[in-house]
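Worksheet for the structure shown next.
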Amino acid sequence: MLTGGKMLHIGLLIALLSMSGPEWSECYEDTFCIEAEDAGNRVDVYVRSLVDWDVTLSMDMELANMQADQQLPQVHSVSSQQRFKALTLKVKDISRSWSFRYDLKWMTGDFKARHAPGVVYELPFGHGVDVLVGQGFHGTETHHGKYAIDFDLPEGTPVRAAREGVVIDVVEGYKKGGVHPAMKIRANYVKIRHEDGTIAQYVHLRHLGAEVAVGDRIRTGELIGYSGNTGFSTGPHLHFEVFSLNKDLTRRTIPITFQTARRGVVHLQEGLYYRRPSSQLTSR
Ligand SMILES: [Zn+2]
């Protein structure tokens, strides 16, 4: 009944830049690069994305004999392999030496993403079964402050996309589950980015239980993997949440609704059973 997985992805890096030539760059986890160009009396700092999805960066700086043309720390979302100028550092006194140092944090997701109004999700499993919501929004076990849902699914249940999108992250190498704190980073999962920039995360999949790869475009109802019990978990279930980011890079989960048989479009309630409407299509 517990959440788990690499729910946060923050890098904290410090780089001391002493440019030996007019151009300099440093790349991070094959995700983005910070690039700088020395124009004599100023340095232009660029961010270049290496991936097809959104990353939010927060950049702070320590400056010696320099002044930034933007307020610090700066928060940007960068997407789809774009490159843009983040800021310019002006040299105050060109006759003296200058330097800058930056602190960087980042996380997958776009802090500017807003959930599209009126979007209704499909239950992330197949037809013909009633599935118990073991823990709902703000559940007291592990969903404090979170709009997350735990579906009680036996291990190996096919998990289907609740909404269409593009796969941006897959982890499936973990084998075990348990309630030791060390298990929190050992959940298998799939993350799917929706068109509005929000991200769905399907957590605790079984070992090698993902049936999709990063970059795959997924339709609603399509098989994406098999449920399991990996990571921080008291028993087999699927943890599901949809989120975007806050400006401080914390996760903001979203109170989504589902289409259900018998009860219509609802916020799912802990302790109730739900079934997929028979009219909904699934594939694969
Ligand atoms: Zn959960």
Side-chain angles (χ1 to χ4, degrees), residues 1-10 107-109 115 121-126 129-163 165 167-194 198-207 209-210 224-246 250-258 260 266-276:
M1 297 275 188
L2 305 177
T3 67
K6 203 172 67 176
M7 305 302 278
L8 301 178
H9 181 67
I10 297 185
M107 193 179 292
T108 298
H115 195 261
Y121 289 72
E122 293 190 7
L123 293 166
F125 45 82
V129 285
D130 289 297
V131 173
L132 175 67
V133 169
Q135 194 181 182
F137 292 167
H138 303 299
T140 50
E141 277 193 74
T142 54
H143 292 175
H144 307 279
K146 268 187 177 183
Y147 293 106
I149 300 149
D150 289 344
F151 296 101
D152 280 13
L153 297 179
E155 274 197 74
T157 304
V159 173
R160 297 183 174 277
R163 184 180 171 190
V167 177
I168 60 167
D169 198 3
V170 173
V171 171
E172 61 173 352
Y174 295 114
K175 293 181 177 171
K176 293 180 185 167
V179 291
H180 191 278
M183 300 307 289
K184 285 187 179 177
I185 56 165
R186 293 182 185 153
N188 298 327
Y189 62 80
V190 168
K191 282 185 194 166
I192 294 180
R193 181 195 185 276
H194 307 136
T198 62
I199 297 167
Q201 189 168 15
Y202 304 75
V203 189
H204 307 300
L205 304 181
R206 75 179 181 193
H207 181 231
I224 58 171
Y226 294 92
S227 68
N229 187 33
T230 55
F232 196 68
S233 177
T234 55
H237 74 285
L238 175 72
H239 173 101
F240 179 81
E241 64 182 56
V242 176
F243 67 93
S244 61
L245 298 180
N246 296 309
T250 55
R251 191 180 279 212
R252 179 174 68 245
T253 52
I254 296 160
I256 56 169
T257 56
F258 286 86
T260 68
V266 292
H267 291 296
L268 303 184
Q269 301 291 318
E270 187 168 314
L272 295 184
Y273 286 80
Y274 294 93
R275 180 184 282 250
R276 198 181 171 92

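Start at 1 and go down the list; that is how both ligands and their atoms are numbered.
Using a 30° and 60° split on the angle between ring planes, Phe151 and Phe258 fall in the perpendicular class, above 60°.
Residue-level check: among N/O/S atoms of Asp150, OD1 sits closest to the Zn ion (ligand 1). Restricting His239 to its N, O or S atoms, the one at the least distance from the Zn ion (ligand 1) is ND1.
Within the coordination shell of the Zn ion (ligand 1), defined by N, O or S atoms under 2.8 Å, His237 is absent.
Between Leu238 and His204 there is no side-chain heavy-atom pair separated by less than 4.5 Å.
For Tyr121, the side chain to side chain donor-acceptor pair (under 3.5 Å) criterion is met by His115, Arg163, not counting sequence neighbours.
The cationic group of Arg186 does not satisfy the cation-pi geometry with Tyr174, failing either the under 6.0 Å distance to the six-membered ring centre or the 45° limit from the ring axis.
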